[in-house]
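This report concerns only the one structure given below.
Each chain gets a letter, A, B and so on, in the order its sequence line appears, and its residues count up from 1.
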Amino acid sequence: MNKTKIYKILFYIGMIILIIPPIFVFAWMIMIGLKTGVQNIEYPPLFIFRPTLENFKAVFQQHNFLKYLTNSFIIATFATLISLFIGLPAAYSIARYKQRNLSLGILVARMTPFVSYLLPWYIIFRKLNLIDTFTALITTHLIITLPMIIWLMIAFFEGVPIELEEAALIDGCVRSETFLRIAIPLSKNGIITSAIISFIFSWNQFLFSLILSGPKTRTVPVAVYNFMSYGKIDWAGIGAAATIIVFPVLVFAFFAKNKIVEGLTKGALKG
Amino acid sequence: MKKLKENIINFLDNHMPIVFPAPAMITLFIVVIFPIIYNIYMSFNKWKIGLGSPKFIGLQNYIEAFSDPRFWNGLKVMFFFSSLSLSLEITLGLLIAVYFNKEFKGSNFVQTIYIFPFAATPVAIALIWRIMLNPQIGVLDYFLNLVGLPGSLWISDARTVIISLVLVDVWKWTPMIVLIILAGLKSLPKDPYEAAVIDGANAFHIFSYITVPLIQPVLITALTLRSLDNLKEFDIIYTITQGGPGIASETLYLYSYKTAFSFFNAGYGSTLIIIVFLLVLLFNVAMNKIRYRTEGP
């Protein structure tokens with residue numbers, strides 16, 4: 001065997017070692033969900049067992065997870081759509097007119113600790129009788145999705161060649177048309193990317209729902225957290241519920257992998 | 001009618017830098033800036049939620065914070081947790097990114113796997129870690145025993161709890177940092193590397209004298225971005241330990257949440273939140289200063 005071949009084998013051994021930690025945790029999560037309650041508290045932990053789908057059934061039938069999944073989906077979708085609708089023009093303007101003060105404002109929004117939003121919003125929504133409504137949750141989720149979409153889209157709009165827009169202006173287009181007809185179609189990829197990232201962050205958001213949601217609008221992170229507070233901790237149920245709520249975002253991440261990596265690095269590298 | 005449409009378009013065109021950002025900025029002002037102002041106001045008041053109305057007490061909450069041992073504990077825990085996890089994430093991120101920085105079969109697969117921990121719901125993942133870190137039935141203890149090491153009490157022991165939480169944070173965020181640094185490495189110029197190879201530099205020299213200085217701005221940006229969330233880490237700590245055992249893993253941020261929403265002490269809670277906010281702001285300003293020094297303005 002020659003030297004390059006040995007290097008190659010060593011490289012792939014290293015690669016396997018480096019991808020085991022992420023894979024293992026997800027595999028273990030699924031396995032916990034497939035074991036019975038008794039199997040889950042056995043030590044040493046069982047690696048080979050006869051899988052059961054009972055936990056998954058219970059999560060949907062006894063714990064009403066379909067409703068929580070729907071709630072999370074509604075909130076994440078609306079928060080993302082509203083953020084796109086008002087965030088795209090803002091990002092475009094910031095990118096084109098180099099409005100550094102505004103982008104600084106966006107940064108402040110991203111730095112502010114989430115806990116600081118809870119008290120004022122709780123008090124206002126209670127006065128307005130809006131606790132446990134979609135209005136309250138979608139409004140607070142804008143705190144996360146709007147700055148994120150603007151932040152990412154500034155980088156994407158800066159990548160649209162200004163020459164194209166100038167040519168359109170000379171041809172008699174007005175500015176708002178260049179935005180709709182040139183900048184938006186050319187940054188289609190960026191828009192999809194930031195929409196996906198925004199959806200994932202809204203789906204995963206825990207704190208706002210913990211305080212502002214109730215039986216009617218409970219989202220999946222709170223629903224899975226509540227598995228711990230039923231007196232006895234139901235490990236098997238947690239495994240199944242965690243698998244169910246992580247699954248949609250992983251599917252998203254899987255199909256949009258290249259786009260997410262591009263979005264994150266673009267946002268990061270442009271700083 | 002046609003005139004009106006023309007007028008609107010003209011107005012839009014002439015005032016685009018104001019009209020375009022306005023809806024987003026007004027929304028942000030309402031959802032973000034107003035609560036900050038509210039918290040600053042409340043931090044000068046004494047108010048138990050549900051009991052009477054806020055009473056102005058000046059700086060007393062701030063004075064109370066500095067003589068509150070739980071405040072100092074929170075600061076210490078925050079410092080240990082953040083400095084440990086951030087430095088591990090950046091160091092490991094850089095080393096792994098350098099390792100994967102070449103053409104190889106399966107790079108697509110590695111990228112896919114590495115996006116998963118970042119995308120997965122923190123609360124769900126934290127609950128799974130809570131099971132894995134259990135000293136009685138946890139699989140991590142089993143692995144330690146398997147390689148002949150004694151078990152650990154992990155999150156049940158005040159001495160190991162922060163390290164256990166750092167482990168979870170490192171697991172969740174290092175892969176994303178790898179992907180960011182990897183993209184940075186791919187965009188570096190090739191010439192310095194070619195010159196170094198001709199001069200007979202070895203891999204270690206190339207890493208420390210070429211790669212690290214060139215990639216430094218990306219590292220600082222990644223660190224800044226990551227610190228925005230890391231200093232305010234809530235989901236993982238709240239789900240796994242709720243600050244325990246005792247208050248051994250209670251960060252200042254978690255303490256501020258408990259003060260407002262478990263002890264219903266709105267005034268003092270707001271004060272603690274403002275202090276956390278100032279710390280995050282300070283860290284970011286410092287990081288920006290460093291970035292300007294390495295990149296030039």
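Between B:Phe34 and A:Trp121, the ring-plane angle classifies as perpendicular under the 30° and 60° cut-offs. Classified by interplanar angle (parallel below 30°, tilted 30° to 60°, perpendicular above 60°), the ring pair B:Phe116/A:Phe254 is tilted.
A ring-centre distance under 6.0 Å is found for B:Phe104 and A:Phe11. For B:Phe20 and A:Phe179, the ring centers are positioned less than 6.0 Å apart.
For B:Phe264, no part lies under 4.5 angstrom from a heavy atom of chain A. In this structure, the portions of B:Leu281 lying under 4.5 Å from any heavy atom of chain A include both its backbone and its side chain. Interface residue B:Ile49: only side-chain heavy atoms are found under 4.5 Å from chain A. For B:Pro117, the parts lying near chain A are the backbone and the side chain together; criterion is any non-hydrogen pair under 4.5 Å. Looking at A:Phe201, only its side chain comes within 4.5 Å of chain B, counting heavy atoms on both sides. Heavy atoms closer than 4.5 Å to chain B are found in the side chain of A:Leu146, but not in its backbone. Heavy atoms closer than 4.5 Å to chain A are found in the side chain of B:Phe234, but not in its backbone. For A:Ile32, the part sitting under 4.5 Å from any heavy atom of chain B is the side chain, from C-beta outward, and nothing else. Neither the backbone nor the side chain of B:Lys172 comes within contact range of chain A; no heavy atom of the residue lies under 4.5 Å from a heavy atom of that chain. If you measure heavy-atom distances from B:Tyr38 to chain A, the contacts under 4.5 Å come from the side chain alone. Neither the backbone nor the side chain of A:Leu88 comes within less than 4.5 Å of any heavy atom in chain B. With a threshold of 4.5 angstrom between heavy atoms, A:Phe24 approaches chain B through side-chain atoms but not through N, CA, C or O. With a 4.5 angstrom heavy-atom cutoff, A:Ile82 does not touch chain B via any of its atoms. Both the backbone and the side chain of A:Ile19 come within contact range of chain B, judged by heavy atoms closer than 4.5 Å. B:Met25 touches chain A through its side chain: at least one heavy atom from C-beta onward sits under 4.5 Å away, while N, CA, C and O do not. Only the side chain of A:Tyr92 comes within contact range of chain B, judged by heavy atoms closer than 4.5 Å. For a residue to count as touching a neighbouring chain, one of its non-hydrogen atoms must lie under 4.5 Å from one of that chain's; by this rule B:Ala260 does not touch chain A. Residue B:Ile181: no heavy atom, backbone or side chain, is found under 4.5 Å from chain A. Contacts of B:Tyr238 with chain A are made by both backbone and side-chain atoms, with heavy-atom separations under 4.5 Å.
Between B:Pro122 and A:Asn204, the closest heavy-atom pair is CD-CB, 3.6 Å.
Under the rule for a salt bridge (charged side-chain N to carboxylate O under 4.0 Å, His left out), B:Asp141 has no partner lying at least two apart in sequence or in another chain. Under the rule for a side-chain hydrogen bond (donor to acceptor under 3.5 Å, both in side chains), B:Asp229 has no partner lying at least two apart in sequence or in another chain.
Comparing A:Val246, A:Val261, A:Leu18 by how many heavy-atom pairs each has under 4.5 Å with chain B, the most go to A:Leu18. Ranked by non-hydrogen atom pairs under 4.5 Å with chain B, the options A:Pro120, A:Ala90, A:Ala242 are led by A:Pro120.
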